[in-house]
Amino acid sequence: MIASILGALVYAFVAALLLQGIRRIVVAHSQFRKAPSIFQSFYDFFKLMGKESLTPNVTSPLLFNLAPILSVASMLVAALIIPLAASASAVGAGDLIVVIYLLAMPPIALILGGSASGSPYGAIGAAREVALLIAYETPFIVAMVAAALAAGSLQLNTITATAWITILPLAAIAAIWTLPAAAAVQPFDIAEAETEIVSGPYVEYSGPNLALLQLGQWLKIFLYASLIAAVFFGTAIFHFQPAINFVIQFMIIALLISAFIAFWQATSGRTRVTRVLRYYWTVPTILAIVDLVLYAAGVRYMHFLFGWVGV
Amino acid sequence: MNRSFEDAVPTIEVSHKGLNSYYHIALDDLDTALAFLNEEGARLSTITGKDARDHLEVLYHFAIWGEIHTIIVDLPYDKPDIPTITNRFVAALLYERELIGLLGINVTGIPDARPLELPPKYTDTTPPLRRV
Amino acid sequence: MADVNERRFANLKIPIGPSHPALEEPARFLFEVEGEKVIDVDYEIGYNHRSIERLCQERPLSKVVYLVERICGICSHTHPLNHVERVEDIADIEVPARAKYIRTIYAELERIHSHMLWAGIAGHEIGYYTLFMYTWREREKVMDLFEMLSGSRIMHGCNTIGGVKWNVAEKQAKSALSVLTYLDTAADKITKAVLKDSNIAERGKGVGSLSREDAVRLGAVGPNARASGVPEDTRVMCKYAAYGDFDLEPQTAKDGDVVAQALVRLAELKQSIWLTKELFTNLPEGPIQVEYDEIPPGRSVGRTEAPRGELIHYTETNGTRFFERIKIRAPTLANIPSYVPKFLGCQIADIPIIAASIDPCFSCTDRMTVIKDGKRKIVSARELKAGRI
Amino acid sequence: MFRARSPWVYFINTGSCNGCDIEVLAIQSPRYSAERYGILRVASPRHADVLVVTGPVTKRMADRLTMIYDQIPHPKAVVAVGSCPTSNGIFDGGYSLTGPLDTVIPVDVYVMGCAPRPLNILDGIRKAAKMLDSKRKGQGARRTERFDEAMAKETDESLKFQSVDNVPEAGK
């Protein structure tokens, strides 16, 4: 039990940072320049841990220093619950609603930290983070509810038993569509827009606090992606020993997600806050709702079209 | 410039060189000269302040398509006052504030008389462009 | 109007600058914001003031050219070109035709690299870093061209009184032509990237617009004015250096918003590339420098077209080894009053793209501009806009 | 060991003619691609390790420069780019300058040249990054209070953030 828990935590930490490394390499090459090494995120993280942490005295120190710890702690708990690497979750049972709440914790920690940092940039960054969070959480939750409804239970182990992409493809598309916003990548890095509001909520953080906040953000991206992969691609596909499962699922998630995110980052400028809400509440949400309603009404169009039976 | 400047405004001394022409006028004719140039559709390019060792000089440069017409006005050292021209040319605000800052010329009627480009802590020293 | 003034600083104030990723140089804009909408903007510049005008009066005649060249790193050729032409105007020195052509080549190459730099920075401001990377990669070719012609990327030092120091060899002209044809295709790609791929067009439509009357009234110059439809281009008006031999027509757009600024600058980029190719092809033979004995007392005022607009130099000599007075009015200083109406009513997200679209160069401006002192009475944007001053 | 591999850089222009600034910006462009050494341009001094300063320190920017230098957490290094910060360059003798950079803040690396080439700047930043490892805790570590003290005894009134109460009416 302890071994699987420690294994899951270390795996999540290493995978999250490698994911960032791959993303930066893909972006660098798509911008015609040489890329940093894949372990660059490790260097950044451990360098920041070694720096001095400054707390501006205009803020409430408790809230200011609590936010990074909150964001990393919630992510580590989520890492235990989500069935990582195509095997059952580390602690056996896990509930979908708990996971969705935990995944929303890093942005909330950012909002707390931003507004507690006492700088006008932090306040505006926090306000933008709220708008972003509401925008991309809606389609994600509707897609997850559709999968839960199809599986008939909220237990992650039962949900991830079957690969729901074969039954609910529209919901899968809606979920994957929210990934760039969850990763706060170029078109949606409105909350920490460097040139507009001087990296928003992060502006007053330095040293270990900044490292933990970023780690929370990186872990969130990886766990978000592995939750979508687990629910929609299911854990049953890979019938190999656990160790090989680890590698395969990480390969799929890491390459697929970082290339997909990097593509968004390399090809678009930053949108405005007002447009993000309209963007995410129109097409992705409608897709997820349509799939939910169709499944609830008993229409199995995938079965009808391709004669597939749920794997 | 269709109507010639000399007959409209009494000038002390006029000189032309290529595209530029310089009109030396007395201080109280300044307003008529500005009115004349405004009708000609001249655009204020900039205002230069100069410390000519025994008196101060203010040069107004006006541009009409290719030519530049400069109006030169002398100011005595002891009473360096000059009326503002921002009522006709809004862009003159920054140039007049530079006169205040760099040469200590007192521009009367300017809406915002802060000195130009001198760091606030050093406004009490003598204006830097004065030949002291 | 009165009640607004009472409440004017009750809202959130966002200081941008003096050291801020959106601005290349130190300038301080204090935006008063209601939610995401900017309702008042207050500018404060003067951080770059290096007392150049007084140094010009304290330095001997021949050394001033190098000081004037270092007013602004991006337009490091236009300032000495204007200065040298003023001194030649006073001393009636006739510059040989080849020197005039070489000076115009440097001026146009500088406009190319400055507009490419602007396109990159515009992309950087809205977070579209790929545009920044692409345009700055192409821009390196222009910097190599500068290095080939004059030995240095930024401070070329090619202007002296009476002509030019660096000659253009036959082989250099040939390789420059090939680089310029490549740049032509790159300019098309940049135009497509700026106007279609990056959402500058979609984010910039109607943002930071400046009407033509405001542009004329507030004295805007250069691409900033031409974007609002004012057809004034000093190269056409004054025909200095070798511009007399070419009939250029000013590139203008209509409503002066971010997209119009982009259109004008990119059209000028193409025009400059064409012009530089023309200059290289029919470069006249002959000497590149003329001796001069001494500079008589006299005065001269004149204009050149810097990448950011009309630059004015007033030079006066008194026959001695020193200048009597040198006055430099940079284009960005003339453009500052016209920036203020652009910022009013825009959103916070638009501030960097508007700041970038104006392409301010405070290094040129700061030799002589605005400081806010203890008293808080400042000319607020509204007063400027309403023209109440 | 990690400090040398990911130097986060904060650019500040204290009155430069902008020539060095565009060369400092150029090191991120594909031809020099500074990111392969982990060099990232950061938006806030709080995140920075290396402070790159261009331009002779004008009087107006001097106290801003010390404020930003204090905000950078320890260990930190300063790179002076161009001949202006090292010796006031060609503007020496100007009335609005407060002398070269090392009279204002301690400088670690000087990159010479009037507009030095981007590769020299890149090399300067990497040398400064290697110096970060050798910086001991106590050396140059300044608390944030010093920043607040500086703001409190603000001599230059306009540096203070305007609060509503001390703003006289616009009209009067």
Side-chain angles (χ1 to χ4, degrees), chain C residues 2 5-6 8-10 13 15 18-21 23-26 28 30 44 46-52 54-55 58 66-67 70-74 76 117 120-121 124 129 132-134 136-137 139-140 143 152-155 361-364 366 371-378 380 382-383, chain D residues 10-23 25-26 28-33 41-45 54-56 58-61 64-65 68 82 84 88-97 113-118 156-159 161-164 166-172:
Chain C
N5 280 343
E6 273 65 42
R8 57 188 266 180
F9 280 107
K13 285 177 294 306
S19 144
H20 186 272
L23 300 169
E24 261 166 62
E25 308 99 351
R28 191 169 188 231
L30 196 63
E44 172 200 310
Y47 298 90
N48 259 357
H49 179 59
R50 297 152 286 181
S51 58
I52 284 179
R54 171 137 154 211
L55 290 175
E58 287 162 359
Y66 303 107
L67 178 63
R70 281 159 174 79
I71 289 176
C72 163
I74 302 179
S76 71
L117 177 140
I121 298 285
H124 170 75
Y129 296 108
F132 171 80
M133 296 297 173
Y134 178 73
W136 281 60
R137 180 178 72 147
R139 185 178 154 268
E140 286 298 318
M143 307 307 269
S152 116
R153 291 160 56 94
I154 303 279
M155 297 296 167
C361 172
F362 295 114
S363 316
C364 303
D366 266 358
I371 288 275
K372 191 166 53 176
D373 71 348
K375 293 193 306 306
R376 193 70 177 73
K377 170 68 190 65
I378 46 121
S380 91
R382 254 179 247 108
E383 284 152 4
Chain D
Y10 184 79
F11 298 148
I12 180 167
N13 168 346
T14 56
S16 139
C17 81
N18 219 332
C20 296
D21 283 279
I22 47 178
E23 293 296 69
L25 270 178
Q28 294 172 304
S29 67
R31 184 171 183 182
Y32 308 100
S33 57
R41 177 185 177 180
V42 285
S44 143
T54 57
T58 55
K59 282 180 180 146
R60 193 75 176 80
M61 277 299 280
R64 293 298 173 86
L65 183 64
I68 284 181
C84 285
N88 271 349
I90 198 164
F91 306 112
D92 200 11
Y95 55 84
S96 73
L97 300 182
C114 189
R117 294 179 190 285
D156 184 339
E157 181 55 34
S158 61
L159 291 184
F161 284 118
Q162 300 309 315
S163 63
V164 181
N166 66 11
V167 174
E169 280 323 299
K172 284 186 268 318

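Chain identifiers are assigned alphabetically (A, B, ...) following the order of the sequence lines, protein sequences preceding nucleic acid strands; residue numbering begins at 1 within each chain.
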- Message: Taking side chain as everything from C-beta outward and backbone as N, CA, C, O, which of these in C:R70 sits under 4.5 Å from a heavy atom of chain D? Side chain, backbone, both or neither.
- Response: both
- Item | Interchain contact, C:M133 with chain D, by part (heavy-atom threshold 4.5 Å) | both
- Item | Residue part contacting chain C, namely of D:P118, when any heavy atom lies under 4.5 Å | side chain
- Item | Atom group of D:I90 that falls short of 4.5 Å from chain C, counting heavy atoms | both
- Query: Under a 4.5 Å heavy-atom cutoff, which of D:G93, D:A26, D:G113, D:P45 has the most pairs with chain C?
  - Reply: D:A26
- Message: When you compare the side chain of D:Q28 with that of C:H124, does any pair of heavy atoms fall below 4.5 Å?
- Response: no
- In terms of heavy-atom pairs under 4.5 Å with chain C, which of D:S33, D:S44, D:G89, D:P30 leads? D:P30
- Message: Quick one, D:L25 and C:L117 - any side-chain contact, counting heavy atoms below 4.5 Å?
- Response: no
- Item | Interface moiety of C:L67 toward chain D, non-hydrogen atoms closer than 4.5 Å | both
- chain D contact via C:F132 - side chain, backbone, both or neither, heavy atoms under 4.5 Å: side chain
- Between D:C17 and C:I71 the two heavy atoms that sit nearest each other are CB-O, 3.7 Å
- Item | Nearest-0.5 Å distance, CE of residue C:M143 to CD of residue D:E23 | 5.0 Å
- Item | Options C:M155, C:R137, C:E140, ranked by heavy-atom pairs under 4.5 Å with chain D, top entry | C:E140
